[in-house]
Amino acid sequence: MFPLPDERGRFGIYGGRYVPETLIPALDELTEAYRQFREDAPLQDELEHYLKTFVGRPSLLTFADNLTRHCGGARIYLKREDLNHTGAHKINNTIGQALLARKMGKRRVIAETGAGQHGVATATAAALFSLECVVYMGEEDVRRQALNVFRMKLLGAEVRTVKSGTRTLKDATNEAIRDWVTNVRTTFYIIGSVVGPHPYPMMVRDFQSVIGRETMEQLEQLEGRRVPEVVVACVGGGSNAIGMFAPYAYLPDGERPHLIGVEAAGHGLASGRHAASIAGGKRGVLHGALMYLLSDAEGQISPAHSLSAGLDYPGVGPEHSYFADNDLAEYVAIDDVQALQAFRHLSEIEGIIPALESAHAVAHAMALAPIMESQEVMVINLSGRGDKDVSEAMRIIELDAAGLPS
Ligand SMILES: Cc1ncc(COP(=O)(O)O)c(C=O)c1O
């Protein structure tokens, strides 16, 4: 479907498999099962069926009339992944991987989660397909995303709190990998972003690329052309952005839109407290793949920081690393304050409360749109809805009985 990765699971130099010997047979088995899955027409029909009747696809492409007028430049569209069942893009991938797990005869699935969206999406798919489900989550994220923890439990999953390291997504991922190494015969590891050893970055990209494919068709209907001038998406591990970018990124030079990935600058790139792996990191190996990541002088992984739990990951998928090196996409960073402002702006102006992760994309888009021409088109991938974030946002902006601070 896409020209990369190569047969060794590489996007240029990035990706690959930096894992213990014992996992290689499991990754080979998975790669082969996924190859068959892709060519299995009835299984592909089944995937499409669930995306349509359970997830609610295609998700809308909404013309943001108010935001367009407010910004006074490009025509702005929102790809509404926030309207998916469970509230974010994550479910596109978990339905696919859960179907694959079932095909492979694995009755137990495990997952790691940061914002809790991937955990909820995994627990949901596990409930749908009657699979046992264990979700690993850092203690800090359990606190920030209490509502999602409860949702996972309601859906029948066991949530295991991880108290090591920074107690966020990186540490939860370490625990999930440990579980997989121990239980690999019976267990399918549902990775939530375009990270991990081959074939995960490819597989997650393929499942998420429905976002970009739909956008092309919808733009054709709405604007009479499939390619906008600009596409903006937030980047944590990178799955919603790759899902939107991939169908565009491999178009020939001159036909490709300006693809912009927005990382989390946290307290600011200069502060060292951020999650911008491309804008403020270097190359290294994390969770089985070569990618851009945050590390210290000794090469140890540095803690990431972002007010949005879903962007709080110290690495970025290998395909994004490749796009960045080869100028196929641009990567910028938006800090906590700017993201919070955009969170409020989109809510007030458009009547849509975005996830804090998606608010990073909105913030950059709102800065860029005014300097674009009025006939130009910009698409923002709205990766999720803000319901999970309202109590954390309320705490941060100190909403009191008197109302919002101005
Ligand atoms: C709504 C939302 N957007 C974005 C992300 C970031 O993940 P990714 O970069 O893989 O899309 C998350 C992660 O949990 C999320 O919940």
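Both counts, for ligands and for their atoms, begin at 1 and track the order of listing. Keep in mind that what you see is a predicted model, and the values were worked out from it rather than measured. Worth knowing before you read on, the calculation uses all heavy atoms, side chains too, and leaves out hydrogens, waters and symmetry mates.
- Side chains of Asn84 and Arg385: no donor on one and acceptor on the other come within 3.5 Å.
- Near Ala355, the atoms of ligand 1 lying under 4.0 angstrom from a non-hydrogen atom of the residue are 1 (C).
- A donor and an acceptor atom, one from each side chain of Asp82 and His89, are nowhere located under 3.5 Å apart.
- Aromatic ring centres of Phe129 and Tyr50: separated by under 6.0 Å.
- Residue Lys388 places no N or O, backbone or side chain, under 3.5 Å from any N or O of ligand 1.
- Here the CG-CG distance, from Leu99 to Leu128, works out to 8.0 Å after rounding to the nearest 0.5 Å.
- Of all atoms in ligand 1, listed by their number and element, those nearer than 4.0 Å to a heavy atom of Gln117 are 16 (O).
- Ligand 1 places these atoms under 4.0 Å from at least one heavy atom of Gly384: 1 (C).
- Each of the atoms 14 (O), 16 (O) of ligand 1 lies under 4.0 Å from some heavy atom of Ala115.
- Contacts of His118 with ligand 1, taken as heavy-atom pairs under 4.0 Å, are absent altogether.
- At a 3.5 angstrom cut-off on N or O pairs, Ser358 does not count as close to ligand 1.
- For atom 6 (C) of ligand 1, the closest non-hydrogen atom of the protein is Gly310 O, 3.3 Å.
- Near Gly238, with a cut-off below 4.0 Å to any heavy atom, the atoms of ligand 1 are 8 (P), 9 (O), 10 (O).
- For the residue pair Tyr14 / Asp325, a side-chain donor-acceptor distance below 3.5 Å is found, with atom types taken as modelled.
- A donor-acceptor pair is defined here as one N or O able to donate and one able to accept, closer than 3.5 Å; such a pair exists between the side chain of Trp180 and the backbone of Thr187.
- Residue-level proximity to ligand 1 for Ser239 is carried by backbone and side chain together, each with a heavy atom below 4.0 angstrom.
- Aromatic ring centres of Tyr292 and Tyr331: separated by at least 6.0 Å.
- With hydrogens and angles left out, the side-chain atoms of Arg213 and Ser209 include a donor and acceptor closer than 3.5 Å.
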- Item | Audit row: His287, Tyr313, ring pair (Phe, Tyr, Trp, His ring centres under 6.0 Å) steps and yes/no | CA-CA 11 Å; His287 298 139; Tyr313 182 70; 5.8 Å; yes

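- Those atoms of ligand 1 that come under 4.0 Å of a heavy atom in Gly236, given as number and element, are 9 (O).
- With ligand atoms numbered from 1 in the order given, ligand 1 contributes 8 (P), 10 (O) to contacts under 4.0 Å with heavy atoms of Ser193.
- Protein heavy atom nearest atom 2 (C) of ligand 1, with residue, atom name and distance: Ser383 OG, 3.6 Å.
- The residues Arg35 and Glu39 are annotated as salt-bridged, a charged nitrogen and a carboxylate oxygen being separated by less than 4.0 angstrom.
- Using a 4.0 Å cutoff on heavy atoms, Cys234 counts as a contact of ligand 1.
- Between Gly114 and ligand 1 there is no heavy-atom distance shorter than 4.0 Å.
- Evaluated by nearest non-hydrogen atom to atom 13 (C) of ligand 1, the leading choice among His360, Glu357, Lys90, Arg385 is Lys90.
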